[in-house]
Amino acid sequence: MAKKILIAEDSATMRALIVSTIAAMGDFDIFEAANGFEALRILPREKVDLVITDINMPDINGLELVAFVRGNANYKNTPLIIVSTEGSQRDREKGLALGANAYLVKPFLPDALQQLVRQYLN
């Protein structure tokens with residue numbers, strides 16, 4: 001059965017890049033959300049195996065999404081990767097402290113994202 005990945009990213013271009021990077025790895029069911037609010041609507045409907053989120057998004061941002069996922073018993077063990085332009089050590093520490101498993105700074109190499117996806121889905 002294909003693993004399910006939720007991608008929350010407000011930039012359509014970046015979301016398409018992430019989707020194509022993951023799709024190139026094999027058979028995944030990929031769900032796309034343009035913001036954290038959309039991601040929260042998808043989560044109860046689909047038992048996702050991995051969440052990839054940006055930080056800077058309208059409505060509900062990525063850090064709020066991470067906090068929600070970690071605070072919910074249904075998702076607290078779901079691996080979470082932050083992909084963001086916020087590259088400072090403080091931003092990285094904040095994301096990881098909230099419970100993200102990994103933090104990848106944009107622009108990123110497709111290999112780096114693929115390696116993280118493999119690491120958290122195997």
Side-chain angles (χ1 to χ4, degrees):
M1 193 166 141
K3 297 276 189 179
K4 295 180 179 184
I5 299 176
L6 172 61
I7 299 167
E9 166 64 69
D10 60 324
S11 160
T13 306
M14 182 54 67
R15 200 167 57 246
L17 176 67
I18 294 171
V19 167
S20 65
T21 298
I22 292 169
M25 296 173 63
D27 186 29
F28 293 103
D29 288 336
I30 299 173
F31 300 90
E32 298 181 48
N35 57 49
F37 183 73
E38 280 183 27
L40 291 180
R41 287 207 324 246
I42 292 169
L43 276 171
R45 295 197 312 253
E46 302 295 338
K47 178 67 180 115
V48 300
D49 300 293
L50 175 68
V51 176
I52 298 172
T53 185
D54 184 20
I55 289 181
N56 297 316
M57 295 185 292
D59 301 326
I60 295 171
N61 71 37
L63 294 177
E64 292 165 326
L65 180 60
V66 170
F68 173 83
V69 169
R70 285 299 172 248
N72 185 306
N74 294 324
Y75 317 115
K76 69 175 194 276
N77 296 320
T78 303
L80 222 145
I81 300 170
I82 293 175
V83 179
S84 178
T85 55
E86 304 298 326
S88 78
Q89 191 60 33
R90 209 182 101 225
D91 290 317
R92 176 183 232 99
E93 286 169 2
K94 187 173 183 182
L96 295 173
L98 282 172
N101 296 82
Y103 195 107
L104 193 59
V105 178
K106 297 176 196 171
F108 58 86
L109 294 171
D111 287 353
L113 179 59
Q114 290 173 342
Q115 186 178 345
L116 287 171
V117 169
R118 270 189 222 95
Q119 179 181 339
Y120 290 107
L121 289 183
N122 289 342

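Throughout, residue positions are numbered sequentially from 1 according to the sequence presented.
In this structure, CG in Asp29 is found 6.5 Å from NZ in Lys4, a value given to the nearest 0.5 Å. Between atom CE of residue Met57 and atom OG of residue Ser11 there is a gap of 11.5 Å, rounded to the nearest 0.5 Å. Note that the CG atom of Asp27 and the NZ atom of Lys3 stand 12.0 Å from one another [nearest 0.5 Å]. Note that CD of Glu38 and CG of Asp10 are 10.5 Å apart. Values are rounded to the nearest 0.5 Å. To the nearest 0.5 Å, the span separating CD on Gln119 from CG on Asn101 amounts to 8.5 Å. A distance of 6.5 Å separates CG in Asp91 from OG in Ser84, rounded to the nearest 0.5 Å.
Within 6.0 Å of the NZ atom in Lys47, the count of heavy atoms belonging to other residues, nucleotides or ligands exceeds 12. Remark: Lys94 NZ is loosely packed, at most 12 non-hydrogen atoms of other residues, nucleotides or ligands lying under 6.0 Å away.
Under the 3.5 Å distance criterion, the side-chain polar atoms of Gln115 are left unmatched by any main-chain donor or acceptor of Ala112. Counting only distance, with no hydrogens or angles, the side chain of Gln114 and the backbone of Thr21 share a donor-acceptor pair below 3.5 Å. The backbone N or O of Ala102 lies less than 3.5 Å from no partner atom in the side chain of Arg92, so there is not a single donor-acceptor pair.
The two residues Ala33 and Ala39 make their nearest non-hydrogen contact at CB-N, 3.4 Å. Taking each heavy atom of Glu86 and Asn56 in turn, the nearest pair found is OE2-ND2, 2.7 Å.
Scanning for side-chain hydrogen bond (donor to acceptor under 3.5 Å, both in side chains) contacts around Glu32 gives Arg15, with sequence neighbours left out.
Other cluster members for Phe28: Ile5, Ile7, Met14, Leu17, Ile18, Val19, Ile22, Met25, Ile30, Leu50, Ile52, Ile81, Val83, Leu104, Phe108, Leu113, Leu116, Val117, Tyr120, Leu121, joined by side-chain heavy-atom distances under 4.5 Å among Ile, Leu, Val, Met, Phe, Trp and Tyr. By the 4.5 Å side-chain criterion applied to Ile, Leu, Val, Met, Phe, Trp and Tyr, Val51 is assigned to a cluster that also includes Leu6, Phe31, Phe37, Leu40, Ile42, Leu43, Val48, Ile55, Ile60, Leu63, Leu65, Val66, Phe68, Val69, Tyr75, Leu80, Ile82, Leu96, Leu98, Tyr103, Val105.
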